[in-house]
J.: 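Below is a structure I'd like to ask you about.
Residue numbers start from 1 in every chain, and the chains themselves are labelled A, B, ... in the order their sequence lines are given, proteins ahead of strands. Reckoned from all heavy atoms, side chains included, excluding hydrogens, waters and symmetry mates.
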There are 2 protein chains.
Amino acid sequence: MEERIQRVKEQLHKASYKLTPQREATVRVLLENESDHLSAEDVYLKVKDKAPEIGLATVYRTLELLAELKVVDKINFGDGVARFDLRKEGAKHFHHHMVCMECGTVDEIEEDLLDDVEKRVEREFNFKILDHRLTFHGICHRCREE
Amino acid sequence: MEERIQRVKEQLHKASYKLTPQREATVRVLLENESDHLSAEDVYLKVKDKAPEIGLATVYRTLELLAELKVVDKINFGDGVARFDLRKEGAKHFHHHMVCMECGTVDEIEEDLLDDVEKRVEREFNFKILDHRLTFHGICHRCREE
DNA sequence: ATATATGCAAATACTTTGCACTCGG
DNA sequence: CCGAGTGCAAAGTATTTGCATATAT
């Protein structure tokens, strides 16, 4: 926890940004909810518990900044809301998701399934891949069992 | 062209919807711009040329309906705008995209690259895949050559 | 000290909805 | 004919921005 905060602090400083209490509180919320896929509003509400004076605009600005620094990845599952997902330690690529169309749960796939596919795309289309988004929509194992 | 309109008409009727002039004009715009990735607003402006009395709300409603019928797929590339992409003739799955971070162009990959990956996900996670979204972000061949 | 960051409120962007009117089948 | 569909304007969400003030380094 503390080490990861420390690392974010370094990343901020490297890009000459400051680690303000608001930014720290936001990162803590993201760390504490690592498996969720919080919207800016969700983050705001949780940060407000720790730091009630924070404004929604600051949360938006912080999340945008963290996305720029690749601390978080921004994703949109099709409802019109941007969600923010902490990048796993040492992960080179954004992980994948499975969205259940029945119960709405979002599960993660951490393993990189796209290695071969990406090599092929780079070769066939001469497209330099820097990032990807892969989401499956379907029925999760919990709903299937019913 | 006309055959594809005809097919959409049948799909509408099958689900007991009507083919109104507004809906037809919207489908025509989508057909005429098949390789683009138009937002609702884009579609609206183009439909307005053919049928100036149409309202933006009708375009939204029509696109929503067409998405439901799987005539179009709705996708969001990360800017906050929903885009609509005509499903290719006979395609079982939604095709993939490459978004250029330099010039913003979106290119399509029609070949289904995910066959093996999906078999694996279904097996490993017991997740029934009904749809997918795969987008690569990077530098397109045109920008690379400069 | 001072450039950067913040909070608030107002502005903007996108999308949905209510309702009276219209029209396709 | 009549329920489905439309246009318009108003309401909802989600997100961004301007600006005066506060603060991390």
Side-chain angles (χ1 to χ4, degrees), chain A residues 5-6 8-29 37-69 71-72 74-84, chain B residues 5-6 8-29 37-69 71-72 74-84:
Chain A
I5 300 267
Q6 200 50 41
V8 171
K9 185 173 181 175
E10 285 158 21
Q11 283 176 271
L12 282 166
H13 286 174
K14 207 182 325 167
S16 52
Y17 294 112
K18 298 169 186 169
L19 180 65
T20 63
Q22 292 90 334
R23 285 179 183 166
E24 182 170 338
T26 303
V27 174
R28 279 185 195 281
V29 164
H37 300 83
L38 305 177
S39 67
E41 183 85 31
D42 294 338
V43 173
Y44 172 63
L45 292 172
K46 286 180 188 293
V47 173
K48 241 175 142 44
D49 290 346
K50 299 183 197 295
E53 72 296 348
I54 200 171
L56 179 55
T58 299
V59 173
Y60 270 101
R61 284 186 281 233
T62 300
L63 291 171
E64 205 52 55
L65 178 58
L66 294 174
E68 210 174 277
L69 297 177
V71 173
V72 300
K74 188 176 179 180
I75 192 169
N76 189 311
F77 291 124
D79 54 355
V81 199
R83 293 174 184 284
F84 296 85
Chain B
I5 300 266
Q6 199 50 42
V8 171
K9 186 172 181 175
E10 284 158 21
Q11 282 175 271
L12 283 166
H13 285 173
K14 207 184 324 170
S16 53
Y17 293 112
K18 298 170 187 169
L19 179 65
T20 62
Q22 291 90 333
R23 286 179 182 165
E24 182 171 339
T26 303
V27 175
R28 280 184 195 281
V29 163
H37 300 83
L38 304 177
S39 66
E41 183 85 30
D42 295 337
V43 172
Y44 172 62
L45 291 174
K46 286 181 189 293
V47 173
K48 241 177 145 41
D49 290 346
K50 299 183 197 296
E53 71 298 346
I54 199 171
L56 179 55
T58 299
V59 172
Y60 271 100
R61 284 186 280 231
T62 300
L63 290 171
E64 206 52 55
L65 178 58
L66 294 174
E68 210 174 277
L69 297 177
V71 173
V72 300
K74 187 175 177 179
I75 193 169
N76 189 313
F77 291 123
D79 53 354
V81 200
R83 293 174 185 282
F84 295 85

J.: State whether B/Glu10 and B/Lys14 are salt-bridged, where the test is any N-O pair (Lys NZ or Arg NE/NH1/NH2 against Asp/Glu carboxylate O) under 4.0 Å.
T.: no
J.: Listed by chain and number, what are the side-chain hydrogen bond (donor to acceptor under 3.5 Å, both in side chains) partners of A/Lys74, not counting sequence neighbours?
T.: A/Glu64
J.: Determine to 10° how strongly the helix from C/dA1-D/dT25 to C/dG25-D/dC1 is bent, judged from the axes of its five-pair ends.
T.: 40°
J.: Only pairs at least two apart or in different chains count here, so list each side chain to side chain donor-acceptor pair (under 3.5 Å) that has a residue in residues 49-63 of chain A.
T.: A/Glu32-A/Lys50
J.: For a quick test of reading the model, state the closest non-hydrogen atom pair linking A/Val47 to A/Thr26 and the distance between them.
T.: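 Shortest heavy-atom separation between A/Val47 and A/Thr26 comes out as CG2-CA, 3.8 Å.
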J.: Pairs under 3.5 angstrom only: tabulate donor-acceptor contacts from the side chains of residues 16-23 of chain B to other protein residues two or more places apart or in another chain.
T.:
{"unit_1": "B/Tyr17", "atom_1": "OH", "unit_2": "B/Glu68", "atom_2": "OE2", "d": "3.4"}
{"unit_1": "B/Thr20", "atom_1": "OG1", "unit_2": "B/Arg23", "atom_2": "N", "d": "3.1"}
{"unit_1": "B/Arg23", "atom_1": "NH1", "unit_2": "B/Lys18", "atom_2": "O", "d": "2.7"}

J.: Can you find a side chain N or O atom of B/Arg23 that sits less than 4.0 Å from OP1 or OP2 on D/dT6?
T.: yes
J.: Quick one: what's the B/S/- string for nucleotides 20-25 of chain D, heavy-atom cutoff under 4.0 Å, read 5' to 3'?
T.: ----BS
J.: Who pairs with A/Lys9 by side-chain hydrogen bond (donor to acceptor under 3.5 Å, both in side chains), at least two apart in sequence or on another chain?
T.: none
J.: Using heavy atoms and a sub-4.0 Å distance, could you list which residues of residues 47-65 of chain B are near DNA chain D? By number, please.
T.: B/Glu53, B/Ile54, B/Gly55, B/Ala57, B/Thr58, B/Arg61
J.: Listed in order of residue number, which residues of residues 74-84 of chain A have a non-hydrogen atom at under 4.0 Å from DNA chain C?
T.: none
J.: Not counting sequence neighbours, which residues clear side-chain contact (heavy atoms from CB on, under 4.5 Å) with B/Val71? List them please.
T.: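 Partners of B/Val71 under the side-chain contact (heavy atoms from CB on, under 4.5 Å) test: B/Val8, B/Gln11, B/Leu66, B/Leu69, B/Leu86.
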J.: CD1/A/Ile54 to CG/A/Leu45 distance, rounded to the nearest 0.5 angstrom?
T.: 11.5 Å
J.: Just jot down the side-chain hydrogen bond (donor to acceptor under 3.5 Å, both in side chains) partners of B/Asp42, sequence neighbours excluded, or say none.
T.: B/Ser39
J.: Round to the nearest Å and state the distance from B/Glu41 atom CD to C/dT12 atom P.
T.: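 B/Glu41 atom CD is separated from C/dT12 atom P by 16 Å.
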J.: Check B/Tyr44 against B/Leu56 and note the closest heavy-atom contact, atom names and distance.
T.: CE1-N, 3.3 Å
J.: What is the distance from NZ of B/Lys14 to C1' of C/dG25, rounded to the nearest Å?
T.: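 Distance check: B/Lys14 NZ to C/dG25 C1' gives 18 Å.
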